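One structure is given below, encoded as structure tokens.
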Amino acid sequence: MKKWSNFDYIDFYVQKMNEDPVNYFEQHKEFINAQIKGSNSLFSNMFKDGDFKIQAREYLRNRGILK
Amino acid sequence: MSKAYSVEDDVIVINRDLNELDLFVKDFLDVLSKHCDYLVVSGYVSICTGRARGTEDIDVLFPLLSEPYFSKLFNDLKVNSFWCYQGDQIKDIFPYIRDGLNIRFAKINRVLPNIELIPVIEVKKAQYFELKHPQRIRIKDFEFKIPPVEFEILYKEIRLASPKDFEDASHLRKMFSDILSEDKFKKYKSIIEENEKVV
């Protein structure tokens with residue numbers, strides 16, 4: 001059985017979106033919202049003690065996102 | 001049965017509810033659009049049209065502002081619960097903008113998602129062109145500006161060209177296959193390729 005590439009998945013998802021957009025977009029919304037909820041929870045716990053911005057900037061510098 | 005999208009008076013209408021990412025972008029654009037022009041580009045264009053992937057940042061172009069105008073925008077964003085990764089004072093932030101560097105904003109007490117705000121000047125020909133030739137798109141009551149879809153596809157394929165960008169471009173090609181224009185592809189390709197020579 002052929003292994004699906006990312007492009008195969010893209011074709012598949014667009015096909016599903018066109019066949020049943022209501023159901024597709026419901027799942028899409030759940031996926032996006034879950035990602036945001038997860039990242040909020042992660043950083044809230046990580047920086048719960050002390051000043052959020054100071055700790056966040058330190059983290060971002062260490063990750064190379066902030067110079 | 002409803003379709004995934006329609007086009008009404010040149011506005012692309014995506015037939016879905018708003019999600020948390022849309023609401024975050026809407027909050028930011030509600031402030032930004034009071035101060036200057038803007039264009040939402042890159043990953044969010046694909047995601048808001050149904051691409052099934054996550055993202056950490058939303059790229060937004062805006063015209064380079066002088067310090068007094070940028071200061072008003074910056075303060076308005078702070079009043080509306082955004083914080084800037086690069087600093088809290090205008091004296092620390094404006095040098096980034098003046099030098100053409102991007103800055104990032106998130107909601108207070110959050111790191112992600114963030115807006116990557118990208119200053120555009122006329123010599124950045126491709127970005128300047130798309131900023132001046134927007135396509136309007138609407139999701140429920142949230143209407144905002146993106147590049148022409150053909151331009152966004154080509155910019156991802158020619159200029160950005162990472163695996164993720166090719167995948168986003170593929171999504172847009174499939175999603176909007178019945179409205180894409182070959183004439184526009186030809187016109188925009190020359191603009192982006194010309195910009196490549198400059199950059």
Side-chain angles (χ1 to χ4, degrees), chain A, chain B residues 1-6 14-25 44 46-57 83-88 92 96 101-104 106-114 116 139-140 163-164 166-178:
Chain A
M1 189 175 162
K2 180 190 167 230
K3 185 172 183 273
W4 276 29
S5 70
N6 287 352
F7 293 98
D8 292 327
Y9 280 105
I10 288 163
D11 290 354
F12 177 74
Y13 287 139
V14 171
Q15 185 190 330
K16 289 294 170 194
M17 183 165 29
N18 288 326
E19 286 172 1
D20 187 355
V22 173
N23 187 40
Y24 179 89
F25 282 136
E26 269 179 26
Q27 293 184 54
H28 185 261
K29 181 177 181 177
E30 283 179 25
F31 171 72
I32 299 288
N33 288 353
Q35 190 207 16
I36 291 179
K37 189 177 174 186
S39 66
N40 286 344
S41 174
L42 174 74
F43 288 110
S44 294
N45 285 323
M46 197 185 290
F47 306 143
K48 64 185 173 190
D49 300 319
D51 186 294
F52 186 93
K53 281 192 286 187
I54 290 172
Q55 293 179 88
R57 284 179 179 135
E58 178 71 17
Y59 168 83
L60 293 165
R61 274 190 205 94
N62 291 337
R63 294 281 309 271
I65 296 167
L66 193 58
K67 305 293 180 208
Chain B
M1 195 173 80
S2 68
K3 290 181 67 180
Y5 80 95
S6 54
I14 308 296
N15 295 314
R16 65 171 178 81
D17 288 335
L18 296 171
N19 59 44
E20 292 293 324
L21 189 62
D22 301 319
L23 294 171
F24 169 73
V25 178
Y44 181 66
S46 300
I47 292 165
C48 80
T49 58
R51 170 104 157 89
R53 75 165 175 89
T55 190
E56 296 183 345
D57 52 10
W83 71 282
C84 180
Y85 282 13
Q86 279 78 6
D88 297 319
D92 299 322
Y96 285 90
L101 300 174
N102 307 344
I103 56 173
R104 293 176 191 248
K107 279 283 187 181
I108 292 286
N109 291 331
R110 295 187 176 179
V111 176
L112 303 175
N114 68 77
E116 186 163 4
I139 306 160
K140 292 292 183 187
K164 187 171 69 178
F166 280 113
E167 290 160 14
D168 284 349
S170 176
H171 164 81
L172 294 172
R173 282 187 181 275
K174 300 275 182 335
M175 173 85 182
F176 295 109
S177 59
D178 49 351

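Protein chains get the first letters and strands the later ones, always in sequence-line order, with residue 1 at the start of each. Given the structure is predicted, the values throughout are model-derived calculations rather than measurements.
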Rounded at 0.5 Å granularity, tell me how far [atom1] in [X] sits from [atom2] in [Y].
X	Y	atom1	atom2	value
B/Arg110	A/Ser39	CZ	OG	8.0 Å
A/Ile10	B/Arg53	CD1	CZ	9.5 Å
B/Ser170	A/Asn6	OG	CG	10.0 Å
B/Gln86	A/Leu60	CD	CG	9.0 Å
A/Lys67	B/Tyr85	NZ	OH	14.0 Å
A/Leu66	B/Ile103	CG	CD1	11.5 Å

* To do: Take atom NZ of B/Lys107 as the centre, draw a 6.0 Å sphere, and report whether it contains more than 12 heavy atoms from other residues, nucleotides or ligands.
  =>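 Enclosed.
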* Residues, nucleotides or ligands: over 12 heavy atoms within 6.0 Å of A/Lys3 NZ ->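 Open: at most 12 neighbouring heavy atoms sit under 6.0 Å from NZ of A/Lys3.
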* chain A contact via B/Cys84 - side chain, backbone, both or neither, heavy atoms under 4.5 Å ->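 Just its backbone gets close to chain A.
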* To do: Examine whether an atom of B/Ser46 lies under 4.5 Å from a heavy atom of chain A, and if so say whether it belongs to the side chain, the backbone or both; otherwise answer neither.
  =>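 Interface part for B/Ser46: neither.
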* How far apart are the C-alpha atoms of A/Ile36 and B/Leu112, what are their side-chain angles, what is the distance that settles it, and do they pass the side-chain contact (heavy atoms from CB on, under 4.5 Å) test? -> CA-CA 7 Å; A/Ile36 291 179; B/Leu112 303 175; over 6 Å; no
Quick check: do [X] and [Y] have side-chain heavy atoms less than 4.5 Å from each other?
X	Y	result
B/Val111	A/Phe47	yes
A/Met17	B/Lys174	no
A/Pro21	B/Asn15	no
B/Asp88	A/Lys53	yes

Heavy-atom pairs under 4.5 Å with chain A, option from [options] with the top count:
options	value
B/Trp83, B/Phe166, B/Phe24, B/Tyr5	B/Trp83
B/Arg104, B/Glu167, B/His171	B/Glu167
B/Leu23, B/Ile14, B/Ile108, B/Thr55	B/Thr55

* Asked: Do B/Glu20 and A/Asn33 have side-chain N/O donor and acceptor atoms under 3.5 Å apart?
  ->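 No, because no side-chain N or O of B/Glu20 sits under 3.5 Å from a partner of the opposite role on A/Asn33.
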* **Contact residues of residues 25-32 of chain A (partner chain B; heavy-atom separation under 4.5 angstrom)** =>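 The stretch touches chain B at A/Phe25, A/His28, A/Lys29, A/Phe31, A/Ile32.
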* Pick one of side chain, backbone, both or neither for A/Tyr59, based on which atoms fall under 4.5 Å of a heavy atom in chain B. =>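 Interface part for A/Tyr59: neither.
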* Asked: Checking A/Tyr24 against chain B: side chain, backbone, both or neither under 4.5 Å from a heavy atom?
  ->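 Only the side chain of A/Tyr24 comes within 4.5 Å of chain B.
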